[in-house]
Amino acid sequence: MSSDGNGRSWWEALLSEEARTASSSAIRDLLRHAQRPDVISLAGGLPTPELFPIDDLRAATDRVLAERGRDVLQYGLTEGLTELRELAAARATATDGAPARPEQVLVTSGSQQGLDLVGRCLLDPGDVVVVDDPGYIGALQALRGRRPRLVGIPLDAEGMRTDVLAEHLADGLRPKLCYTNPTFQNPTGATLSVERRRHLAELAARYGFVIIDDDPYGALRYSGEWLPSPASFDAEHVVRLRSTSKVLVPGLRIGWVIGPEWLLDRLVIAKQAVDLHTSTLSQVLAHELLRDPTWLDAHVEQLRPWYRNQRDALLEALGDELGDRARTNPPDGGMFCWVELPEGTDTTALLTTALDCGVAFVPGGAFAIDRPCPDTARLSFATESPERLAEAVRRLRTALDRTTVTA
Ligand code: PMP
């Protein structure tokens, strides 16, 4: 059989709606060129491999395989390794301003899996989800699989505009979920103020929805004050997603969800169907490193100044090369800097010229929900050296000069 009555090939007719409609974006296709050796990429958000704790991981691997190889290579509980859940709960209690018990923790394959599982357990097609606009693409992708109605809430320098959300709610919008990355947001670098964290938690309690507090970057703070999780104001309405990707290594794929027990039970059943459990060996290795507070503190104290220096190098280059042409709110942490280029700039078109000039970035439009932001771009300072960051910004200026001239 070569096609069905609608002109689709036999196999297209077999695809689920989700698989048929999930498509690669034009921007993603363009960014394939970012891999070229002549291109300096500010597009990805890869943690620097120079600071991966490879020797410690190798020693831990040797140790656990020698001492308890049969256990660490065996199937495990869907909820995750008991000692890692205990450690996750203790860390959350110490760093979020909101206590957590081990029974509230589900270990996941990265926080990305947490996003998928929460969507699976809470959403039916057509349900409303309010999200940071612009927002983290991976979250949007995970949630879109459930075919919800996404409503974008604008951000400013203090993160999600909870006053705008409150207006929507007063007008009758009834979301089931609110997705936000409140600390050093991907893509804008903005941090939700403490007043807005409290306000968001109040709105969730008043209107009965769940907040996803997705915070993979929180430990990477370079300036400003620590802030409590929205869960510190209302733990019953907040699901915390945490990740070891940015502090240890992303390749272990270890994250966890911390949530109210009514949701945890459902998440565990959903995860069972997806992958039975997260890699036992990865969990044991993450636990081996994280359980030593002296090691962990020393490691994070290496990461912070390194990334701070990267951030400062990018900001300095932007100031030197682009001056008023690139407006940015310096992020207090994380890996991203959001720039607004002169009004009328089309950063998707600029990317093509930029690639010709040997630099890549992500046009802001890739993160947009309801508000196109054609003159914005996300620049990552995580991966390239300060010298290469400066060179990348010089190339960006050349690309901008060219597009301005031809416009
Ligand atoms: N949330 C945000 C905001 C991210 O930027 C990322 C990855 N860059 C993730 C979640 C997923 O991280 P992981 O699955 O590696 O924990």
Side-chain angles (χ1 to χ4, degrees), residues 28 31 34 41-49 52 80 84 88 91-92 105-120 129 131-145 152-153 155 159-160 177-192 211-221 229-230 238-259 267 271 274-275 278-279 282-283 285-286 289-290 303 307 331-338 361-362 364 366-367 369 378-383:
R28 197 165 298 209
L31 285 173
S41 180
L42 309 183
L46 303 184
T48 180
F52 285 171
L84 186 57
R91 268 173 73 85
V105 178
L106 167 65
V107 179
T108 52
S109 302
S111 49
Q112 189 66 27
Q113 186 180 46
L115 286 164
D116 178 63
L117 296 176
V118 173
R120 279 173 197 272
V129 181
V131 292
D132 289 332
D133 186 7
Y136 166 53
I137 297 178
L140 307 179
Q141 214 175 9
L143 296 171
R144 277 196 174 114
I153 307 296
L155 308 179
M160 182 186 272
L177 255 187
C178 167
Y179 169 78
T180 184
N181 170 204
T183 308
F184 322 136
Q185 197 239 7
N186 182 0
T188 64
T191 293
L192 193 68
I211 300 165
I212 299 181
D213 159 19
D214 181 20
D215 182 10
Y217 302 104
L220 300 180
R221 177 179 281 284
S229 160
V238 181
V239 179
R240 289 173 259 179
L241 302 189
R242 301 294 181 259
S243 172
T244 64
S245 292
K246 307 301 187 301
V247 167
L248 297 182
V249 290
L252 284 180
R253 308 303 305 128
I254 297 294
W256 47 80
V257 179
I258 302 176
L267 294 174
K271 180 169 166 72
V274 174
D275 65 355
T278 295
S279 156
S282 281
Q283 292 188 70
L285 293 177
L289 297 195
L290 296 176
L303 295 176
Y307 282 117
D332 277 334
M335 300 188 163
F336 304 109
C337 190
W338 181 254
F361 58 84
V362 187
F367 308 96
I369 312 290
R378 188 193 76 176
L379 310 182
S380 162
F381 52 82
T383 325

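Computed over heavy atoms, backbone and side chain alike; hydrogens, waters and symmetry mates excluded. Remember, it's 1-based here, ligands and their atoms both numbered in the order they're listed.
- For atom 5 (O) of ligand 1, the nearest non-hydrogen atom of the protein is Tyr217 OH, 2.5 Å.
- Side-chain contact check for Ser109 and Asp275: at least one donor-acceptor pair (N or O, by modelled atom type) lies under 3.5 Å.
- Of the protein's non-hydrogen atoms, Lys246 NZ, 3.3 Å is the one closest to atom 7 (C) of ligand 1.
- When the heavy-atom distances from atom 11 (C) of ligand 1 to Ser111, Ala139, Gly110 are ranked, the shortest goes to Ser111.
- In this structure, the separation between CD1 on Ile369 and CG on Leu140 is 4.0 Å, given to the nearest 0.5 Å.
- For atom 1 (N) of ligand 1, the nearest protein heavy atom (residue, atom name, distance) is Asp214 OD2, 2.5 Å.
- At least one N/O-N/O distance between Ser243 and ligand 1 falls below 3.5 Å.
- Of the protein's non-hydrogen atoms, Arg253 NH2, 2.8 Å is the one closest to atom 14 (O) of ligand 1.
- For the ligand labelled ligand 1, residue Gly138 lies outside the 4.0 Å heavy-atom shell.
- Rounding to the nearest 0.5 Å places CZ of Arg253 at 8.5 Å from OG1 of Thr108.
- Below 3.5 Å of separation, one finds no N or O of Asn181 facing any N or O of ligand 1.
- Considering backbone and side-chain atoms alike, Tyr179 places every N or O at 3.5 Å or more from each N or O of ligand 1.
- Residue contacts with ligand 1, taken as heavy atom pairs separated by less than 4.0 Å, involve Ser245 solely via side-chain atoms from C-beta onward.
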